[in-house]
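Just below is one structure, and these are the notes that go with it.
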Amino acid sequence: MTETAAKKNTDASVQIGHLALKGRVIAAPMAGVSDQPYRTLARHFGAALAVSEMVSASPELRESRKSRQRTNHDGEAGPVSVQLLGADPEQMADAARFNIAKGADIIDINLGCPTKKVCKRLVGSALMRDEPLVRRILEAVVSASTVPVTLKMRTGWDRQSKNAPAIAKMAEEAGIQALSVHGRSRECRYHGPIDYETIAKVKSSVSIPVIANGDIDSPDTALQVLRTTGADAVMVGRAAQGQPWLLGRIANSLDRRRDPGDPVLADKCRTVLDHLEALYGFYGEGQGVRIARKHVQWYAEKLNAKHLLDRRCSETIDPVAQISWVEDFFERVAAQEPSHA
Ligand SMILES: Cc1cc2nc3c(=O)[nH]c(=O)nc-3n(C[C@H](O)[C@H](O)[C@H](O)COP(=O)(O)O)c2cc1C
C-alpha cells in the first residue's frame, strides 16, 4: 500500500450503511464477555461500536434467560449491533426482524465462531465451507432488515481454503455493509500469527468498510495493522478484557491525537467498582457476582497483580464482600507500587 493510501486510511471515518461511526475502534463480540455492562464500558472509553455477544437465531431459544439478557438493550447508547448465529436462512431472517424490533441498529452475522459445539451444528465459521448457503443466509437477512447488516468471518476454513475474499465479494453483492475479519482460519482457532495478507485481499476485493481483527493489543499494533492491511477500522477483543480503557487509548491514537496512556490506579479502581455495580444491576446480585469474578481476575492480571487478589473474592456470593475484596486489592497494589497511585 502507498503512503497516501495509508494516510487516507488512517484519516477516514467508518460508514456502515447510513450510520457514521465516531471512531475506528470496535469492541469485538465475545460470548460471556461483551454483555451490556461491558459494552457500555467499552463505549464510555471510546469504542465507536461494541458488538453484542452472539445471539442464537433459533426461535425456541428466544425466551431463554441467556437470550433475553443478550437481547436487552435498555438504556444502551446506539448504535446497537446485535450478532446472530445460525444456519437456516429463514430463521436468521426472522431473528433479524425480531432483534431490530428489540432495538438493534445493526445486525451482524457470525461466520467466525470456531468452537466445536457451534461447528457441529454447522454454524459460525463452519459455514465458510458452504458458500451457496452463506449466500442464501446473507440475502435472507439483508432483505429482512431495515438496518445495515454486517458480517464477521475468519480467513477461511483452514490454511488451504482461505475463501474470505470470495465470501467478501459475495457479501457485498448481497448488500452487506461492512465486514470484520479475524485474521486466522477456523483450523487455527486462536493460535499462530495473524494473516494480514488475507485481510488485505479482502479489503482490496470490496468497497464496503473492512475491519481488521486479531491480536491487536496496543495503539502501535492498531496503527500497524491499518497500515499493513489497508483496513478501515480495528476490532479489539481479548486485549480489552481487564483494561477497557485500552479501547480509548487506541481510538485516540488512530485519530492522531496523543495516546493518553493508562488511567491512574484510583481511576482504574473506580472503573472496576462501577463495572461490578453495573453487573449486579444488570444480572441481579447472585448472577452478577458470579459473572464479575472473571472480570476481576482479568483486571488483576492486566495489573500484573493477581497474587495480590484474595482468593475469597472469586468465591464469595456476596456483592458487598466482593466489592470490599476489590478495594482491598487496589490498596495492596498501591502499597506495593506507589508509582501506580
Ligand atoms: C471469550 C470469547 C468469546 C467470543 N465470542 C465471540 C462471539 O460471540 N462472536 C464472534 O463473532 N466472535 C467471538 N469471539 C472472537 C472475537 O470476537 C475475536 O474475533 C477474537 O477473539 C480475536 O480477536 P482478539 O485477538 O482481539 O481477541 C470470541 C472470543 C473470545 C475470546
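All figures in this text were calculated on a predicted structure; none of them were measured in a lab. Reckoned from all heavy atoms, side chains included, excluding hydrogens, waters and symmetry mates. In each ligand, atom 1 is the first atom listed, and ligand 1 is the first ligand listed.
- Considering backbone and side-chain atoms together, V236 places no N or O closer than 3.5 Å to any N or O of ligand 1.
- The shortest N or O to N or O distance between A239 and ligand 1 is not below 3.5 Å.
- Using modelled atom types, one finds no donor on one side chain facing an acceptor on the other under 3.5 Å when comparing R189 with H191.
- Residue pairs meeting the side-chain hydrogen bond (donor to acceptor under 3.5 Å, both in side chains) criterion with at least one member in residues 272-290, sequence neighbours excluded, are D35-Y283, R65-Q287, Q69-Q287, R270-D274, H275-Y299, Y280-Q322.
- When the heavy atoms of M153, E53, K152, M54 are ranked by distance to atom 10 (C) of ligand 1, first place goes to K152.
- A donor and an acceptor atom, one from each side chain of W245 and D262, are located under 3.5 Å apart.
- A side-chain donor from one of T150 and D108 sits under 3.5 Å from a side-chain acceptor of the other.
- Proximity of N110 to ligand 1, defined as any heavy-atom pair under 4.0 Å, is confined to the side chain (atoms from C-beta onward).
- Between the side chains of E76 and T40, no donor-acceptor pair of N or O atoms lies under 3.5 Å.
- Considering backbone and side-chain N/O of A28, none are found under 3.5 Å from N/O of ligand 1.
- Below 3.5 Å of separation, one finds no N or O of R184 facing any N or O of ligand 1.
- Judged purely by atom type and a 3.5 angstrom limit, R24 has no side-chain atom pairing as donor or acceptor with the backbone of V14.
- Among R238, Q241, K294, the residue whose heavy atom sits closest to atom 24 (P) of ligand 1 is R238.
- Compare P29, G32, A31 by their heavy atoms: the one nearest to atom 17 (O) of ligand 1 is in P29.
- Distances below 4.0 Å separate heavy atoms of D215 from the following atoms of ligand 1: 24 (P), 25 (O), 26 (O).
- Within the 4.0 Å heavy-atom criterion, both parts of M30, backbone and side chain, lie near ligand 1.
- Remark: the S58 side chain and the Q91 side chain contain no N/O donor-acceptor pair separated by less than 3.5 Å.
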